[in-house]
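Here's the structure we're looking at; comments come further down.
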Amino acid sequence: MANKEYEISPWKQDFPILDATIINKNPLVYLDTAASAQKPKYVLEACLKNYESEYANVHRGIHYLSEEETANFEAARIKIQKFINAKSPNEIIFTRGATEALNLIAYSFGKKYLKEGDEIIISLMEHHANIVPWQILKEEKNISIKVIPVYDDGSLNYDAFLNLLSPKTKLVSITHMSNVLGTINPVKKITTEAHNAGAKVIIDGSQAITHFPIDVSDIDCDFFAFSGHKLYAPTGIGVLYGRENILHELPPWQGGGDMIKSVTMEKSIWADPPAKFEAGTPPIVQAIGLGAAIDYLNTIGMQNLHAFEQTIFNNMYYELKNIKGLKILGNAPEKGGLVSWVMEKIHPQDISMILNQMGIAVRVGHHCAQPITERMGVSASCRASIGIYNGLNDVKKLISGIYKVKDLIK
C-alpha cells in the first residue's frame with residue numbers, strides 16, 4: 001500500500017467521538033489507546049440496543065427476557081473463547097477488568113497452593129496491577145518475589161529469568177507487552193521454561209491483545225488476563241482465561257449468588273467454573289459489548305489490524321527518534337503500539353498540556369508502572385499509543401505539536 005493509503009485509518013469513520021473538535025476548535029487526535037480505547041459505533045449500538053429492548057438479569061429467570069439475555073451473555077463468552085483460542089468457554093471468567101482478574105488469581109491461587117518460602121517471579125516492567133497483589137500475598141504468606149531485570153534498551157533479561165527459576169518457583173506472572181516501553185516479551189518461551197521448572201504462568205495481556213492475535217493454546221499459559229476497555233469494548237468488563245482443570249481446583253474468591261450449587265445454613269457447595277468465580281450480578285451489557293467489539297475486530301481481522309498499526313507505529317517511532325533533544329524510553333527489538341519519551345529541559349506535564357491545547361491527547365506520568373519508569377532514569381514521561389483509528393496524519397500532527405512545544409519552551 002502507498003503511504004497515502006495510511007494517512008487516515010479506513011476504520012476511523014467507525015468511531016463517532018473522533019469527529020469531535022475540542023480545545024481551540026482543534027480536531028481530536030487521540031493517542032491514548034493504551035489507557036483506554038475509543039468505542040466504535042457498532043459496540044455503542046449493541047449496548048444501547050441491549051438496554052432498550054433485551055435487558056434482564058441472567059441465569060436467574062425462566063421468563064423470555066432473562067432466557068434471551070442469558071443466551072446473549074453466554075454467546076459473548078464463546079466469542080471470547082474463540083478469539084483467544086481457548087479450548088472451552090468454561091475457561092473464560094468475566095471480571096471487572098485485568099486488575100480484578102490478577103487479584104482473583106493472587107487470592108485464589110495463593111490460598112490454595114502457596115506456603116511460606118515459595119517464590120513468585122515477575123518482571124521489572126509490570127503494571128502495578130501485576131505487582132501489588134503479589135506484595136499483599138507476600139505479607140500474608142511470607143513468600144518471596146523475584147524480579148526479572150530489564151536491559152538498558154528495555155528488553156527483558158531472559159538469562160536472568162532462567163537463573164531465577166528454581167524448585168521453589170510456583171508462579172511466573174508477566175506482561176505480554178509493556179505499557180511503558182512497548183516491549184513485547186517472549187511469553188511462549190517463558191511459559192515453556194516455567195513449566196519445565198514446575199511453575200504455573202500468568203500472562204497480563206492487557207496491552208498485547210489490542211494489537212495482534214492472541215492464541216492462549218499456542219502460548220500454553222495457565223492464565224491470561226485482559227481488560228475489555230482497551231479492546232474497544234465498554235469499561236467494567238475484563239476476562240480471566242484459566243485452564244479448566246486448574247479452575248476446578250481453585251477456591252472461589254467472592255461469595256454470593258450464582259457461584260453456588262446449593263446453600264444451607266451449615267454449608268455451601270460451589271458451582272463449576274466459570275460460575276464459581278462470578279459471584280453476584282455480572283457486568284451483563286458490558287460483556288455483550290465486549291462480544292460486539294470482538295465481532296467488529298473479526299470483520300477486520302487481527303492480522304490486518306496488526307499490519308496497519310505497525311506501519312503507523314514504525315513511522316511514529318522513527319519521527320520521534322529523530323527529534324533533537326527527545327529521548328525514547330526503550331528501544332527493544334520487539335516493540336510496538338506505543339512510545340514513551342522525555343525531552344531535555346521540558347517537563348512531560350508541560351508537553352502534554354501544550355499538546356492538549358492543539359487537540360492532541362497523550363498520556364503523562366509514570367503510567368501505573370513506577371519501577372520500570374524509574375529504571376529508565378525518569379520519574380515521568382509522555383506516552384503516545386495508537387489504535388485502529390490512527391493514521392499517519394495523526395503522527396504528523398503529533399510531531400508538529402512537539403516542535404511547537406520546543407518553540408514555546410526554550
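A quick note: this is a predicted structure, and the numbers were derived from the prediction, not measured. Count residues from 1 along the sequence.
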Inset, instruction - Without swapping roles, check the side chain of E309 against the backbone of I388 for a donor-acceptor pair under 3.5 Å. - result: yes

Legend entry - Near-ring test H176/F226, centroid separation under 6.0 angstrom: no

Inset, instruction - Please say which of E69, E67, E74 ends up in a side chain to side chain donor-acceptor pair (under 3.5 Å) with H59. - result: E74

Inset, instruction - Rounded to the nearest 0.5 Å, what's the gap from CD1 on I351 to NE2 on H347? Could you check? - result: 9.0 Å

Legend entry - Whether N85 side chain and K82 backbone form a donor-acceptor pair below 3.5 Å: no

Inset, instruction - Applying salt bridge (charged side-chain N to carboxylate O under 4.0 Å, His left out), run through D407 and K404 and close with a yes or a no. - result: CA-CA 5 Å; D407 289 340; K404 184 173 181 179; over 6 Å; no

Legend entry - salt_bridge(E278, R77) N-O dist < 4.0 Å: yes

Legend entry - Option passing ring-ring contact (aromatic ring centres under 6.0 Å, His included) with W11 (candidates F308, Y389, Y42): F308

Legend entry - Short side-chain to backbone donor-acceptor contact, N24 and Q357, under 3.5 Å: yes

Inset, instruction - Mark yes or no for whether N103, through its side chain, and T99, through its backbone, hold a donor-acceptor pair below 3.5 Å. - result: yes

Legend entry - S227 (side chain) donor-acceptor with G97 (main chain) under 3.5 angstrom: no

Legend entry - Side-chain ion pair, K188 and D215, N-O less than 4.0 Å: no

Legend entry - Residue pairs fulfilling side chain to side chain donor-acceptor pair (under 3.5 Å) with at least one residue in residues 190-203, sequence neighbours excluded: H195-D222

Inset, instruction - Run the salt-bridge test on D350 and K345 with the 4.0 Å N-O cut-off and return the result as yes or no. - result: no

Legend entry - I8 CD1: over 12 foreign heavy atoms closer than 6.0 Å: no

Legend entry - Full working for side chain to side chain donor-acceptor pair (under 3.5 Å) between N179 and Q207: CA-CA 6 Å; N179 76 313; Q207 296 297 331; 5.8 Å; no

Legend entry - SB check R363 D32 (cutoff 4.0 Å): yes

Inset, instruction - Examine distances only and state if a side-chain atom of S381 and a backbone atom of V342 form a donor-acceptor pair shorter than 3.5 Å. - result: no

Legend entry - Centroid separation F73 to F94 less than 6.0 Å: yes

Inset, instruction - Using a strict cut-off of less than 4.0 Å between a Lys/Arg side-chain nitrogen and an Asp/Glu carboxylate oxygen, indicate whether K170 and E119 qualify as a salt bridge. - result: no

